[in-house]
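Quick notes on the structure that follows.
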Amino acid sequence: MQSDEVRVLLVITDEDWYEAAGYAGAWVRALEEQGAEVERLARVPDDWPVTGPPPGHYDLAIAHVLVEEVIAYAPTFALAVLLEAAGVPLLNPVTSLVASADKLVTHAVWAAAGVPQPAAWDLARVREWPMPGRQMVLKPALGDGARYIELVGDLDAASGIEAAWRADEAAGGHRRGAALLQEWIAEPACARIFATPTTTSLVYEKSREEGALVTHGTVYPRVYEAPPEMARLASQMVAALGGGLMGVDVLVGPDGRLVALEANAPFGFDVTDPQQGRWVARAALAVAERAAAERAAAAA
């Protein structure tokens with residue numbers, strides 16, 4: 001299959017609050033520049049409950065389903081489920097969408113696969129401070145963009161913050177899911193890598209002020225080739241979650257220790273950096289080509 005024959009369906013919300021981020025436009029441009037034909041849908045079309053998706057029409061669906069949408073079973077997630085059930089290859093299968101949306105599940109999957117990561121506990125099940133004498137990171141299992149992440153020093157402080165989360169949820173605020181206590185790695189470098197189970201992009205090291213807990217998401221003071229150990233870890237993070245292409249964050253401790261921080265099935269890339277767009281588009285189209293080859297082999 002040649003890339004100019006690939007028909008891609010981008011499953012992504014069309015809500016105004018997200019459209020302004022530019023990620024949908026960036027995906028479409030990057031894929032079309034590689035010769036793909038791209039359609040966009042945000043929900044199940046009106047006639048599909050009667051006709052179903054057109055058989056064989058799409059070579060790949062990119063389900064850019066946000067964490068909030070997975071939680072709420074929003075139209076984009078329902079469309080992704082339908083496409084997968086109808087046999088359309090998904091860049092990231094539904095299992096990986098769900099597993100990467102919930103950080104507690106992600107940690108458990110990685111623990112089972114032996115992926116090195118910061119130690120993490122479900123606050124609801126903690127009776128004694130897991131790391132005596134050390135501060136820990138408190139973060140919600142659901143959500144992105146480093147929202148609601150704080151350093152805490154004891155159970156009382158952690159429980160007080162969680163209580164404020166629940167009060168905000170009850171008032172209609174963001175759903176946080178389980179509260180996680182995570183090992184704090186002080187003064188790390190945070191590397192964003194776009195990765196498949198076998199390949200990785202360049203490393204985009206995120207900007208972080210000295211002493212800051214979180215980074216600036218799309219500001220990259222250093223860009224470099226992934227060292228072999230980091231590349232292996234990034235690919236292992238994606239493979240363990242059953243993903244095809246994800247944006248992963250790897251922490252590099254001051255001592256050089258590498259740990260898996262998080263994986264994002266719906267990821268944004270820098271809309272001003274054509275190099276990022278080319279890499280992710282080519283990696284996505286390679287998934288479509290492999291799926292086509294598998295179908296052809298099965299039919300032979």
Side-chain angles (χ1 to χ4, degrees), residues 1-15 18-19 21-48 51-66 69-70 74-97 100 194-201 238 241-247 263-271 273-299:
M1 175 190 287
Q2 299 297 315
S3 62
D4 59 0
E5 300 172 346
V6 178
R7 290 164 298 188
V8 178
L9 176 61
L10 178 62
V11 178
I12 190 168
T13 183
D14 57 5
E15 295 289 341
Y18 196 72
E19 193 73 19
Y23 294 138
W27 268 109
V28 171
R29 285 193 302 274
L31 290 162
E32 289 182 342
E33 285 172 2
Q34 298 303 314
E37 179 184 336
V38 186
E39 296 179 33
R40 277 185 63 181
L41 284 175
R43 58 192 58 81
V44 177
D46 292 344
D47 59 334
W48 281 15
T51 66
H57 184 70
Y58 301 112
D59 299 301
L60 183 71
I62 298 176
H64 190 99
V65 183
L66 303 176
E69 297 173 314
V70 173
T76 50
F77 187 56
L79 177 54
V81 172
L82 168 60
L83 290 163
E84 184 174 81
V88 178
L90 261 63
L91 180 62
N92 289 303
V94 168
T95 297
S96 64
L97 295 177
S100 62
F194 305 106
T196 77
T198 58
T199 60
T200 59
S201 70
V238 177
L241 292 166
L245 172 62
M246 294 182 169
N264 303 276
F267 60 84
F269 49 91
D270 189 342
V271 298
D273 185 351
Q275 181 170 255
Q276 287 190 23
R278 283 193 295 270
W279 196 93
V280 298
R282 289 170 181 168
L285 295 177
V287 173
E289 290 167 2
R290 286 195 297 273
E294 291 170 2
R295 290 197 300 271

Shortest non-hydrogen contact between [X] and [Y], atoms and distance:
X      : Y      : value
Arg7   : His57  : NE-O, 2.8 Å
Leu285 : Ala36  : CD2-CB, 3.9 Å
Leu241 : Ala263 : CD1-CB, 3.6 Å
Ala284 : Leu60  : O-CD2, 3.3 Å
Ala30  : Ala281 : O-CB, 3.4 Å
Pro53  : Ala86  : CG-CB, 3.9 Å

Atom [atom1] of [X] and atom [atom2] of [Y]: how far apart are they, to the nearest 0.5 Å?
X      : Y      : atom1 : atom2 : value
Gln276 : Trp279 : CD    : CH2   : 10.5 Å
Phe194 : Asn264 : CZ    : CG    : 9.5 Å
Leu91  : Leu10  : CG    : CG    : 10.5 Å
Arg29  : Arg278 : CZ    : CZ    : 13.0 Å
Glu37  : Leu9   : CD    : CG    : 11.0 Å

> Run the side chain to side chain contact (heavy atoms under 4.5 Å, CB included) check on Met246 and Ser96 step by step: do they pass?
Replying inline: CA-CA 10 Å; Met246 294 182 169; Ser96 64; 3.7 Å; yes

>> For a side chain to side chain contact (heavy atoms under 4.5 Å, CB included) check, start with the C-alpha distance between Ile12 and Thr76, then their side-chain angles and the critical distance, and finish with the verdict.
In response: CA-CA 6 Å; Ile12 190 168; Thr76 50; 5.7 Å; no

>> Could you go through Arg282 and Gln34, starting from their C-alpha distance and side-chain angles, then the distance that decides it, and tell me whether this counts as side chain to side chain donor-acceptor pair (under 3.5 Å)?
In response: CA-CA 7 Å; Arg282 289 170 181 168; Gln34 298 303 314; 3.1 Å; yes

Hey, does [Y] have a side-chain heavy atom less than 4.5 Å from the side chain of [X]?
X      : Y      : value
His64  : Phe267 : no
Pro197 : Val238 : yes
Trp48  : Leu41  : yes
Leu90  : Val94  : yes

>> Set out, in order, the CA-CA distance, both residues' side-chain angles and the distance that settles side chain to side chain contact (heavy atoms under 4.5 Å, CB included) for Asp14 and Arg43, then state yes or no.
In response: CA-CA 9 Å; Asp14 57 5; Arg43 58 192 58 81; 3.0 Å; yes

>> Whether Arg40 and Glu19 form a salt bridge (side-chain N of Lys/Arg under 4.0 Å from carboxylate O of Asp/Glu) is what I want to check.
In response: yes

> Does a salt bridge link Asp59 with Arg295, judged by any charged N lying under 4.0 Å from a carboxylate O?
Replying inline: yes

> Residues in side chain to side chain donor-acceptor pair (under 3.5 Å) with Glu32, at least two apart?
Replying inline: none

> Would Phe269 and Trp27 count as a close aromatic pair, with their ring centres under 6.0 Å?
Replying inline: yes

> Take atom CG in Asp47; do more than 12 heavy atoms of anything else shown fall under 6.0 Å from it?
Replying inline: yes

> Which of these, Leu31, Val287, Asn92, sits in a side chain to side chain contact (heavy atoms under 4.5 Å, CB included) with Ile62?
Replying inline: Leu31

